[in-house]
Each structure stands twice: as C-alpha cells, then as structure tokens.
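Only one structure is covered here, and it is reproduced in the block below.
This is a predicted model, so every value here is computed, not measured.
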Amino acid sequence: MSTITAPHHRAGPREWLGLAVLALPTLLLSIDVSVLHLAVPHVSASLDPSSSQMLWIIDIYGFTIAGFLVTMGTLGDRIGRRRLLVIGAAVFGLASVAAAYATGPATLIAARAALGIAGATLMPSTLALISNMFREAKQRGVAIAVWVTMFSLGIAIGPVVGGALLEYFWWGSVFLLGVPVMLILLVAAPLLLPEYRDPDAGRVDLASVALSLAAILPVVYGIKELAAGNGVLVPAAAIVVGTALGAVFVRRQRTLASPLLDLRLFRNRTFATSLVALFLSMFVAGGTYLFVTQYLQLVAGRSPMSAGLWLLPAAFALIVTSMLAPVATTWLRPSYVVGIGLLVSAAGHVTLSLAGSTTDVTQVVTGFLLVYAGGGPLIALGTDLVVGSAPPEQAGSASSLSETSTELGMALGVAVLGSLGTAVYRADLTVPAGVPAEAADASRDTLAGAVEHARDLSADLGPALLAEARDAFTGGLNAIAVVGAVLALGTAVLVAAVIRTPATGGGSDTPPGVPEQAKAQDGSLTS
C-alpha cells in the first residue's frame, strides 16, 4: 500500500484513466436517484405501497448512506480506499438485483437500504482517491469538476434512460443499470487505481460506529414522522434520544487517540460553512425534484420518456454551471460565485411557487432549470473547498463528511419537504361528492391514487376528481418552492458572510478557498 508523500506531485496518464474509472460509480449513483423518482408512479401502481412506505422506498437509501458515510470514509482511510471501493461495488451490484425483483414494499425498502450501505462505501472512496491522486491544486480542481460533472450527467441521462426503460419494461429494470457498471468497476479498479490508506490510522472504534448510527437514524426518523403528521410523542422522543446519543458520540471522539470523526476539521470555518451550504442546497433539491417529476407525469400528463426529456434542460444547466464555476473564480471570490448561483436558484423557486395545475409545462421546466443552474457552483466549489481543506491522510473522512451533508440533505429534503407537500395536498384536496369511499381514501393518500381510481369513475366524476387532486398537488409544489426560495437566499448570505477566500487570479496553484499558506492557528482560513 502506498501513501502520498509529495504534496505537489503532478498526476500522469494513469491517474487520469483512473479518474475515468472513478466516474463510473458517481455516474451510476446519480442515475439511480433520478430514475427512482421517475419510477414512483410505476412502483405505486405495481406494489401498492402506502404514502409512508413510498417515502421510505425513496429516502431509506439516503438515510442509510448518511448513517454509514462517516464510518465508511474512516474505514477506507484504514483498510484502503480502493479495497473498500471494490467491496462496495460488489455489494451494490447484488443489492441492485434484489431491488429489481422485489415483490413487495418491505422487500424493496430492504433492498434500497442495502444499496445505501453499499453506496456509503462508493462515494467517499471515489472522492478520497481523487484527492490523493491529484495533489496539485489546479489538477485536483479539474478532477473534482469532472467528478461533479459526471454526477450532473447522471442526473441528465437518468430520466431519459429511466424513461425509456419504464416505457418498454417493468419498473425493476431501472435498478439493473447498476449491474454492468459495477462489473466494469470490479475489473478496472485493480488495474488502474492505486491503493491509499493512512499508515498511522488506528483501529475503527466500534462503539463510535454504533453511536453514530444511533444518533443519526432516530433523529431522521423523528423528523420524518413529525413532518408526516404521525403523532408527536414518539417522534419527539426519537429526536431527543438521537440528539443525546449524538452528544455522547462527540464527547467520545474528543477522548480517542484515533477518533472515527476528527472534530478538529470543523475548526476551519470554510470547511464547516461549505458543509452547511451543501446540506441546505441538497435538502431543497430533494423535495423539489420529487414533486417536479411527479408534476410532469401526474399533473401535466407526460409519459415517463417525455418527462425525462423535459428534465434534460435543467440537468445540462447544472453541468454547464458546475464546469464554469471554477473558471469564474479567476475573477470573483468563490463565495461570490456561489452566492450569485444561489440567487439564480432562488429565482427558480419563485417561478415554481407561481405555477398552477393548468400552467404551461414550460414554466415549471424553466423554474426547475434555474434551480439546478444556480446550484451548480455550490456543488462544484463547495466540494472542492471541503476536500481541499483536509490533510491527505484524512481525505476519506473529509470526503465522507461532504457526502454525508449532501446525502443527508437529500434524504431529509425528500422526507421533510415531501411530507410538507403531501400535507398541503391532503389539506387542499376536496373530493367531489359521489366518489366511492375507497377511491376517496386512495385519492387523499396520494395523487397517484387519485389518478389510478379516476379511470374507473364516471365521465363527470373522474375529471372532477383529477382536477381537484392536481390543484392540491400543485399547491404542495408551491409550498415547497417557497421554502426553497427562503433557504437559497439564506444560504447565499451565509456563504458570502463567512467564506472570505480570494479569487485565484489564474496564477495560483491552490484551489479556490484553500490557500495552503493561509491557514490560521485556529484552523480557519484567512484571505
């Protein structure tokens, strides 16, 4: 096993070929997220999950990723990042097959949980290997931009590929995309990727692993259940227990010689602020994406393929802005580039908040395009700031924290904002008189239920129920968009106020926000 000793070692052809290999799991994981959202109506029709089960199917993946990322990132630092990547790829392929052939909601939730655990090994491993393979700052910035672009590309082609599969095959086919990708990774990784680990890392503290899971999962569960309106006492107790165990986890990390999570990383204000900004951005993106994909299919009446094509402009806008953001830091501070992007994102949310159920679909598509275009700079520069702020031997831990903030943000966005939108839908829905009780109950549960049962109603009741349900669902989308606009503006102010790193000026070898010579004694960055 090798470690990096030359801080400014330039990457050669092998490293760039290795980057192409690392792009595969990144591409796959982003495709996996986008195609599942597109498949929601088909999963609902086939497996008949309740609204709560449907949310668990969607977000259990993100929850398990968030719960295991810190552990897996640190484990990669200890046993080897390539080794962990290969193990994760094998498990991910097997879990993909299990998800594809799930026979019920519970089976699919379990398979998605296994995919999340495997995914927790993949993302920090890829990002940590990039950090180690590309030690020169400018090369690392380019490599991370490519990594972000592949994530964006997956979001772009995911709806189209998923739409095509859903058009001609059953919903489970979208999960089988992971099998050939992981087979390629298993063959290519040992040939092109060097192994990296921290030679001075201690043993993984199993008590800390248990505490990290016991802290994150009850809090996530409690927030989700509160947002869904499933009582107050049990969810509140779960949040209190999770928070208390989180405090125990933090105290334990401060006493360990080899902590699972090195809390000294958070002394760096740029590092900490970038994590918060990434979390908030993905929180909004999770809920917005969930409702926009359903709006295109269930409100606007587009087919899966058509809905996927309508999502392409937003995904390509994300690719363009994430690639241009590092270039823009030649003239502007990274915080200004990110802040401007977030203002664009806020404008997109405002556009979505004004949409109606009979609005031309181009208004929703335009609003979604602005949301994604505005988020590109934050994803590209925020990730580089987080990874570049950490020493090489802690690249796995830093990468895992970056991925934890984004995955947990996405999962909580689906849970909280998805539950908010569902609550607005149920509050606004007025079921027309004469609709049978079974159809009325299904319609109050989800829009997909209303669409399904409206087909069996009379020529008068069916369209009337659909119109009411679509209006109510659009009201949920509007509410999510208002929250998104407020959070985007707040995040822009936070980033501009805290991150003070200068523009690169085109001549520095250090990445935006991470000048090697500018670390203050307290770990924060100075301009």
Can you list everything that forms a side-chain contact (heavy atoms from CB on, under 4.5 Å) with A285? Sequence neighbours excluded, please. none
Supply the atom-to-atom distance I109 CD1 to I57 CD1, rounded to the nearest 0.5 angstrom. 5.0 Å
Nearest heavy-atom pair of V97 and L176: which atoms, and what distance? CA-CD2, 4.3 Å
Just wondering, do P334 and L381 contact through their side chains at under 4.5 Å, heavy atoms? yes
On a heavy-atom basis, which atom in Q253 and which in S208 lie closest, and how many Å separate them? NE2-OG, 2.9 Å
Partners passing side chain to side chain donor-acceptor pair (under 3.5 Å) against R82 (at least two apart in sequence or in another chain): none
Taking side-chain contact (heavy atoms from CB on, under 4.5 Å) as the test, write out the residues that go with V284, two or more places apart. T288, H349, L487
Whether W170 side chain and Y101 backbone form a donor-acceptor pair below 3.5 Å: no
Hey, what do you get for OG1 (T491) to CG (L378), rounding to the nearest 0.5 Å? 7.5 Å
Answer whether the closest heavy-atom distance between the side chains of L290 and Q294 falls below 4.5 Å. yes
Give a yes or no answer on whether the side chain of R112 reaches the backbone of I60 with a donor-acceptor pair at less than 3.5 Å. no
In a table with atom names and distances, give each donor-acceptor pair under 3.5 Å that connects a side chain of residues 304-321 to protein atoms at least two apart or in another chain.
unit_1: T321; atom_1: OG1; unit_2: A317; atom_2: O; d: 3.0
unit_1: T321; atom_1: OG1; unit_2: L318; atom_2: O; d: 3.3
unit_1: T321; atom_1: OG1; unit_2: A373; atom_2: O; d: 3.0

Between V21 and L185, is there a side-chain heavy-atom distance shorter than 4.5 Å? yes
Distance from I379 atom CD1 to Y372 atom OH, nearest 0.5 Å? 8.0 Å
For F169, give me all partners under ring pair (Phe, Tyr, Trp, His ring centres under 6.0 Å), at least two apart in sequence or on another chain. none
Chi angles and distances behind the side-chain contact (heavy atoms from CB on, under 4.5 Å) call for L24, I184: CA-CA 8 Å; L24 290 174; I184 294 173; 3.5 Å; yes
Non-hydrogen atoms of A99 and L108 that approach each other most closely: O-CD1, 3.7 Å
Hey, what do you get for CG (L191) to CG (L17), rounding to the nearest 0.5 Å? 11.0 Å
Pairwise side-chain contact, V292 with V371, heavy-atom cut-off 4.5 Å (strictly under): no
Test I87 against R83 for side-chain contact (heavy atoms from CB on, under 4.5 Å), laying out the working first. CA-CA 6 Å; I87 293 171; R83 179 183 297 176; 4.1 Å; yes
Provide the closest heavy-atom pair for Y289 versus T293 in the form atom of the first, atom of the second, distance. O-OG1, 2.9 Å
Heavy-atom closest pair, residues G88 and T121: CA-OG1, 2.9 Å
So the side chain to side chain donor-acceptor pair (under 3.5 Å) pairs with at least one residue in residues 272-286 (sequence neighbours excluded) are none
Using side-chain contact (heavy atoms from CB on, under 4.5 Å) as the criterion, list what pairs up with A215, not counting sequence neighbours. L245
Contacts of S96 that satisfy side-chain contact (heavy atoms from CB on, under 4.5 Å) - sequence neighbours left out: F92, L115, V179
Looking only at non-hydrogen atoms, find the nearest pair between P377 and V338 and report the distance. O-CG2, 4.0 Å
Residue pairs passing the ring pair (Phe, Tyr, Trp, His ring centres under 6.0 Å) test where at least one lies in residues 172-193, sequence neighbours excluded: none
